[in-house]
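Since the structure comes first, as structure tokens, the remarks are kept for the end.
Sequence lines set the chain letters: A, B, ... in the order given, protein chains first and strands last, and positions in each chain run from 1. What you see is a predicted model, and the numbers here were worked out from it, not measured in a lab.
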There are 2 protein chains.
Amino acid sequence: MADSSDIEAAEGHARTVTIQDVARMAGVSTATVSRALAMPDRVAAATREAVFSAIRETGYTPNAAARSLRAKSTKMVLVLLPGIGNSFFTPVLNALEEVFTEAGYGVLIGYTRQSRRRETHYARVIRAGQVDGVLVVTGNVPRDEEFASVPDTVPKSLMFSEIPGNEHVSVFDVDNRQASAAAVRYLISQGHRRIAHIPGAEGGLEAQERLGGYCDALVEAGLPVDEALIWRGATNFDFASGDRAAAQFFKLSERPTAVFAAADEIALGFMRALKNQGVGIPSDVSVIGFDDTDYAIHYDPALTTMRQPRTEMGRLAAADLLRRMAARNEAVPTSKVRLPCELVVRESVRRLD
Amino acid sequence: MADSSDIEAAEGHARTVTIQDVARMAGVSTATVSRALAMPDRVAAATREAVFSAIRETGYTPNAAARSLRAKSTKMVLVLLPGIGNSFFTPVLNALEEVFTEAGYGVLIGYTRQSRRRETHYARVIRAGQVDGVLVVTGNVPRDEEFASVPDTVPKSLMFSEIPGNEHVSVFDVDNRQASAAAVRYLISQGHRRIAHIPGAEGGLEAQERLGGYCDALVEAGLPVDEALIWRGATNFDFASGDRAAAQFFKLSERPTAVFAAADEIALGFMRALKNQGVGIPSDVSVIGFDDTDYAIHYDPALTTMRQPRTEMGRLAAADLLRRMAARNEAVPTSKVRLPCELVVRESVRRLD
DNA sequence: ACGCTGGATGTAATCGATTACAACAATACG
DNA sequence: CGTATTGTTGTAATCGATTACATCCAGCGT
């Protein structure tokens with residue numbers, strides 16, 4: 001041990017140790033070293049020991065690039081995120097990293113930031129064979145064109161969104177429309193009749209679906225859909241959008257008794273703005289959110305919200321991608337999984353009598 | 001265009017296109033194709049056009065593994081994070097991704113989760129030459145042993161923490177002790193004399209330093225350091241730790257008028273627990289946090305806190321690592337940068353008269 | 001004793017790019 | 001007109017692993 005490091009030091013500039021070095025030291029061919037590592041039961045016990053001992057002595061680690069080149073597999077996945085500062089994705093990334101690392105895959109992250117250049121960049125990363133699979137975790141699906149330029153041989157999955165009619169990608173999402181309707185139905189069940197909605201960013205599919213669910217529930221209960229109660233203008237699922245919505249709230253002569261926000265952060269921003277003006281929550285206005293991010297439970301009042309099973313979705317999506325990456329050429333069918341949301345009742349909704 | 005895709009389709013299973021294919025189609029050698037890409041001005045204009053046209057036609061993208069193998073550089077960096085659900089690191093990761101991607105580097109993330117196995121795993125990733133540089137973004141520095149097994153030829157940086165006496169890594173942090181003292185001094189300046197502290201997780205260096213700063217400020221003002229006012233037991237920089245601290249608060253007969261929490265999330269958890277019991281903030285108890293995470297400003301009351309310049313630190317650390325990765329062999333000196341924190345006064349601290 | 005079988009190992013091709021060096025043509029210059 | 005120079009391109013070695021195929025040898029059956 002001590003000697004070997006001395007030798008290394010004495011030799012001057014430390015070259016990284018290759019399989020050749022190990023083979024030489026163990027007195028075998030490189031093929032044997034490779035086999036000792038990959039299929040230990042196919043080399044004689046004595047040889048195996050010699051090889052392992054040489055590996056230990058040199059601190060050899062197989063070069064990833066060489067391995068990838070030959071094996072045509074990098075053991076890496078690309079996770080694409082929108083990249084806004086939003087904490088919604090933290091548990092998702094956590095779950096993904098957990099499952100992928102456990103399976104020996106590395107996680108390359110990419111924030112698209114709704115920028116065309118960045119999408120092109122990551123499309124190139126995929127085409128360069130730098131990853132074995134791709135997981136798109138975003139509402140803003142990369143434009144078809146770019147997505148199409150990457151070969152279908154690379155397994156792709158989508159989370160929290162849907163690309164209509166693409167059979168080559170797995171999809172893991174929730175029924176946003178249904179879940180939103182359920183949230184609004186809950187408000188109605190608590191006696192609310194005048195219910196407002198703060199949609200998410202205009203372009204997003206989720207935002208549209210949640211708005212749709214809001215309308216569904218109203219119509220179903222025989223309540224009017226009033227455009228004055230739909231406070232558009234959100235640029236994102238963020239605090240600022242909730243803040244802007246509050247401005248619209250205060251302009252109203254006839255105020256709603258309850259508000260359904262398309263995301264927790266919007267709800268929090270909205271609540272904060274109302275409280276600042278002395279409006280009590282839920283005493284004066286009830287608020288319900290969507291997502292159940294980590295802050296929902298710690299706010300004051302704790303936010304009643306529709307939970308998306310983010311961690312579970314992450315785990316499932318990762319497992320599915322692993323399965324499809326493992327099956328090299330054979331066509332493994334993609335999955336379309338829609339998980340249930342769950343209403344989490346806390347303190348921000350008051351029952352009207 | 002249309003024809004080429006038809007041909008591909010007709011040829012059956014689409015093999016990924018290599019430099020050989022491009023060379024053949026353009027009627028040149030692979031060397032010329034490579035040159036046309038890497039140094040366009042060293043090939044004749046006509047040839048260059050032929051090559052580019054062939055590249056466009058085939059949709060060729062150079063294989064990353066082959067390039068890495070030959071060039072001994074992967075254009076990737078490993079970012080190690082503790083991996084607790086904490087949102088503190090979101091803007092840091094954002095800044096890192098931004099700078100690295102802009103420079104053509106990919107970001108591989110690794111959550112150490114304080115697990116020995118994972119640290120070993122990522123040490124192997126580095127030794128396998130899978131990344132050109134490493135950025136450790138965590139208070140819990142990987143154990144020396146593992147860190148030492150990776151060659152010093154791979155540039156390494158540390159953020160938010162320090163490894164005493166390691167000249168081979170760059171360090172980007174803040175003076176936790178000084179900043180904490182400043183925070184407590186502010187409380188004193190507002191008339192507080194009985195000030196409690198909620199430290200972070202026992203093991204962490206930051207937690208120790210912040211506790212040290214707290215003591216410094218007290219001593220300096222001639223105030224006693226009372227162990228009953230140091231509410232240990234935090235397991236992390238999280239809500240739950242603040243919640244547990246609240247239990248200790250309520251057990252006290254003589255309560256403090258102000259509390260310095262070692263992190264915003266701890267402060268938020270603490271405030272929430274107090275408010276639940278009808279204790280007003282800041283009317284009954286003042287609270288000051290540390291970090292200035294995104295939620296500090298949106299909480300009610302908005303949290304007065306000591307801001308760490310997370311985004312700036314991320315940018316600087318990334319830029320430094322890029323610089324050192326660019327200088328292949330030459331020994332570029334490492335940086336030791338200590339950025340200033342800034343007191344952000346909001347609503348959670350009351351002036352005592 | 002001979003050939004056969006199968007286990008263990010070595011030889012060398014291969015993955016796809018980069019690049020040192022060689023080869024060659026065209027031009028410039030004496 | 002011959003030679004030096006410059007510019008352009010091709011040939012082939014190289015990066016470090018994996019793996020198909022060849023080889024060798026021991027043990028076995030007849």
Rounding to a whole Å, what distance do you find between [X]:[atom1] and [N]:[atom2]?
X	N	atom1	atom2	answer
R42(A)	dG6(C)	CZ	P	13 Å
L69(B)	dC15(C)	CG	P	14 Å
R48(A)	dG7(C)	CZ	P	15 Å
Q130(B)	dA17(D)	CD	P	13 Å
R24(B)	dG16(C)	CZ	C1'	13 Å
K72(B)	dC15(D)	NZ	C1'	6 Å
N63(B)	dT14(C)	CG	P	18 Å
D41(A)	dG6(C)	CG	P	17 Å

Flag for D320(A)-S335(A): side-chain donor and acceptor within less than 3.5 Å | yes

Residue pair R310(A) / N94(A), side-chain donor-acceptor N/O under 3.5 Å =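 Result is no, nothing qualifies.
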
Shortest non-hydrogen pair, Y122(A) vs E97(B), comes out as OH-OE2, 2.5 Å

Minimum heavy-atom distance between P333(B) and R323(B), given as atom pair plus value =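 Heavy atoms of P333(B) and R323(B) come nearest at O-NH2, 4.1 Å.
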
Polar atom pairs (N or O), protein with nucleotides 18-20 of chain D, under 3.5 Å:
residue : atom : partner : partner atom : Å
dT18(D) : OP1  : R67(A)  : NE           : 3.0
dT18(D) : OP1  : R67(A)  : NH2          : 3.1
dT18(D) : OP2  : S34(A)  : OG           : 2.6
dT18(D) : O2   : R70(A)  : NH1          : 2.4

Say whether, by atom type as modelled, one donor and one acceptor occur between the side chain of T101(B) and the main chain of E98(B) under 3.5 angstrom.
->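 Between the backbone of E98(B) and the side chain of T101(B) there is no qualifying donor-acceptor contact (under 3.5 Å).
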
Check whether any side-chain heavy atom of M159(A) sits under 4.5 Å from a side-chain heavy atom of L135(A), and report yes or no.
->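 Yes, close enough: below the 4.5 Å cut-off.
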
Using a heavy-atom cut-off of under 4.0 Å over every strand shown, decide if S68(B) touches base, sugar-phosphate, or nothing.
->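 It contacts nothing in the nucleic acid.
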
Report which part of the nucleic acid T18(B) touches: base, sugar-phosphate, or nothing (heavy-atom distance under 4.0 Å, all strands).
-> sugar-phosphate

